[in-house]
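The structure appears below as structure tokens.
For clarity, every value in this text was computed on a predicted model and none was experimentally measured. Numbering of ligands and ligand atoms starts at 1, following listing order.
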Amino acid sequence: MSGYAAPRLEKVRIGFIGLGNRGPSHLKHASKIQNAEIKALCDLRPEKANAARDLIKDTNNSPVIYSGKEDAWKKLCEQKDIDLIYIATPWELHTPMALYAMEQGKHVAIEVPAAVTIDQCWQLVKTSERTKKHCVILENCCYDFFELLTLNMARQGFFGDILHVEGGYIHDLLKGNFSKEKYYDMWRLKENFRNGNLYPAHGLGPVAQVLNINRGDKMDYLVSMSGNDFSMAPMAKDLASKDDFYKPYENKKFRGNMNTTVIRTSKGRTIMLQHDVSSPNVYSRIYKVSGVKGSVLKYPLPGKISLGDNWMSQAEYDATAEKYQPTIVKKIGEVAKELGGHGGMDFLMNWRLIDCLLNGLPVDMDVYDAAAWSAIGPLTEKSVANRSQSIDVPDFTQGAWKTNEPVDIYLKSGGNTKVNV
Ligand SMILES: NC(=O)c1ccc[n+]([C@@H]2O[C@H](COP(=O)([O-])OP(=O)(O)OC[C@H]3O[C@@H](n4cnc5c(N)ncnc54)[C@H](O)[C@@H]3O)[C@@H](O)[C@H]2O)c1
């Protein structure tokens, strides 16, 4: 499925499953893209499905609504006039929903992580290969502006051979995870009973593209270490002492605050990933790229570029950014900023996916990326549980990484999908 192009579609007819915090953002974007039609909406909670319908009431879409039952989403997958299904539900539902959707002949676009076990990663790969349906991981951070710029620079050899990269997800979600309202049925708090890097893709996706992981290189093995939990159990105890609602969490063991993972690739490069969603840090995805000629670092903001041991001056940076501005940003960057979604990167991702399907092009983030980037979760759990023992990363491409072509970042074809602004 790497480089695989499904037959081009006249219209991309879309169904959405999961319309809590995240789903409606994709829905709003899709409603702005020409030749994308919204055919169905599903959320277990009727009020969420109805609120999503209201969001697009001024458009030409009149989606079928599925709601009220745990398995109502299966009916959406079975609906005949749908080509693509977005899945933005709690993590443990991602793979079962994606598998069923592909079996019904639908392409799928899954929120991160696409899977929570290695077995699920393989099921996604095998099902996508057999059904010839795209299984896309919705890693929006691959489309952030600095990441796109520096990916283009890396491709053109600006940094020379890349030898080391870093990424992370350092975001204070402590209060949000314990909020009664923020996530459906406290699903995100419960995920923190696992110990490892639970949310690797935001940090890993962009640097994996710089290294051409699955397309010229692959992740070989990793070691992962977590410290203790200093925040979640104390918070659970404190809340439970005041409110019985929190009693089930009072004596639970939670993920350690900080997890650090190092991955070695088959070509001898290294990737460092971090994950901490319970300490009071300023948001960071780290985003470091180190080559033999130069390097970049994005966090703290703003992103910086160097060709030695000093960051570029603003004037040098501006000239470099102008020279290496990637095609997608030139074409649609301003519109994306206007329509928003984490500063525009979400719109760029959704537009690019729909443009690929309308033009019959391979997708940027395929099932092998979905599997490899998601697998870091369960692999780090295993390493952490075994005194940071080294763990092999499965080759989900089954050898094809040696010959797979890098992602097309130049929009050699396509790029012609219009946006209604
Ligand atoms: N890429 C990003 O920047 C980003 C940002 C936020 C969330 N996310 C991801 O999006 C996904 C959803 O997160 P969220 O914050 O929207 O969570 P949420 O709890 O707000 O939304 C999940 C929705 O799924 C619905 N749901 C639960 N069980 C269902 C079922 N059986 N059938 C149909 N619907 C069901 C819930 O009612 C809820 O509305 C997660 O995977 C999360 O990691 C990604």
Side-chain angles (χ1 to χ4, degrees), residues 15-29 40-53 55 64-78 85-101 108-116 120 136-144 147 167-171 173 175-192 194 197-206 275 277 283 285 340-350 353 365 369-370 373-374 376-377:
F16 291 85
I17 310 177
L19 293 156
N21 302 312
R22 185 63 174 153
S25 162
H26 298 311
L27 171 66
K28 270 191 282 179
H29 289 161
L41 302 174
C42 172
D43 196 287
L44 177 59
R45 296 178 288 177
E47 67 276 19
K48 293 291 177 190
N50 292 334
R53 179 178 47 198
L55 274 179
V64 182
I65 304 287
Y66 299 92
S67 192
K69 281 172 68 183
E70 291 280 347
D71 63 352
W73 57 271
K74 287 193 173 166
K75 294 276 175 261
L76 181 147
C77 296
E78 290 159 13
I85 296 181
Y86 272 75
I87 299 171
T89 51
W91 299 342
E92 65 177 19
L93 294 173
H94 289 179
T95 295
M97 288 173 165
L99 296 177
Y100 194 76
V108 289
I110 320 173
E111 260 305 339
V112 289
V116 287
Q120 285 189 344
V136 173
I137 181 165
L138 289 167
E139 189 30 83
N140 48 336
C141 301
C142 291
Y143 295 86
D144 211 349
E147 284 81 339
Y169 189 64
I170 298 177
H171 190 189
L173 301 177
K175 286 203 183 86
N177 275 334
F178 279 98
S179 152
K180 290 182 191 173
E181 285 85 35
K182 190 155 168 102
Y183 301 108
Y184 170 70
D185 194 28
M186 310 300 282
W187 70 264
R188 204 155 179 166
L189 177 62
K190 293 173 196 163
E191 287 290 349
N192 288 273
R194 299 160 54 210
N197 182 335
L198 306 188
Y199 209 54
H202 284 343
L204 178 56
H275 175 262
V277 295
Y283 179 90
R285 299 198 304 268
H342 293 107
M345 65 182 179
D346 297 1
F347 185 79
L348 286 178
M349 172 182 72
N350 287 316
L353 169 59
M365 301 178 291
D369 302 317
W373 302 352
S374 304
I376 298 305

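Polar contact with ligand 1: absent for Lys48 (N/O pair, distance under 3.5 Å).
Using a 4.5 Å cut-off on side-chain heavy atoms (C-beta onward), Met345 and Glu147 make no contact.
Only the side chain of Met97 comes within contact range of ligand 1, with a heavy atom under 4.0 Å; no backbone atom does. Only the side chain of Trp73 comes within contact range of ligand 1, with a heavy atom under 4.0 Å; no backbone atom does. Residue-level proximity to ligand 1 for Leu44 is carried by backbone and side chain together, each with a heavy atom below 4.0 angstrom.
Among Val112, Leu93, Asn21, Ile17, the residue whose heavy atom lies closest to atom 28 (N) of ligand 1 is Leu93. For atom 25 (C) of ligand 1, the candidate residues are Leu19, Leu198, Thr89, Asp43; the nearest heavy-atom contact is made by Asp43. Comparing Ala88, Gly18, Gly176 by heavy-atom distance to atom 22 (C) of ligand 1, the nearest is Ala88.
The aromatic rings of Tyr283 and His171 lie perpendicular to each other, with more than 60° between the two planes, well past the 30° mark. A tilted orientation is assigned to the rings of His26 and Tyr86, their planes being inclined by 30° to 60°.
In the vicinity of Asn140, heavy-atom distances shorter than 4.0 Å reach the ligand 1 atoms 1 (N), 2 (C), 3 (O).
Ligand 1 has no atom lying under 4.0 Å from any heavy atom of Glu139. Ligand 1 lies out of reach of Tyr66, whose nearest heavy atom is not under 4.0 Å from it.
Nearest protein heavy-atom contact of atom 38 (C) of ligand 1 is Arg45 NH2, 3.2 Å.
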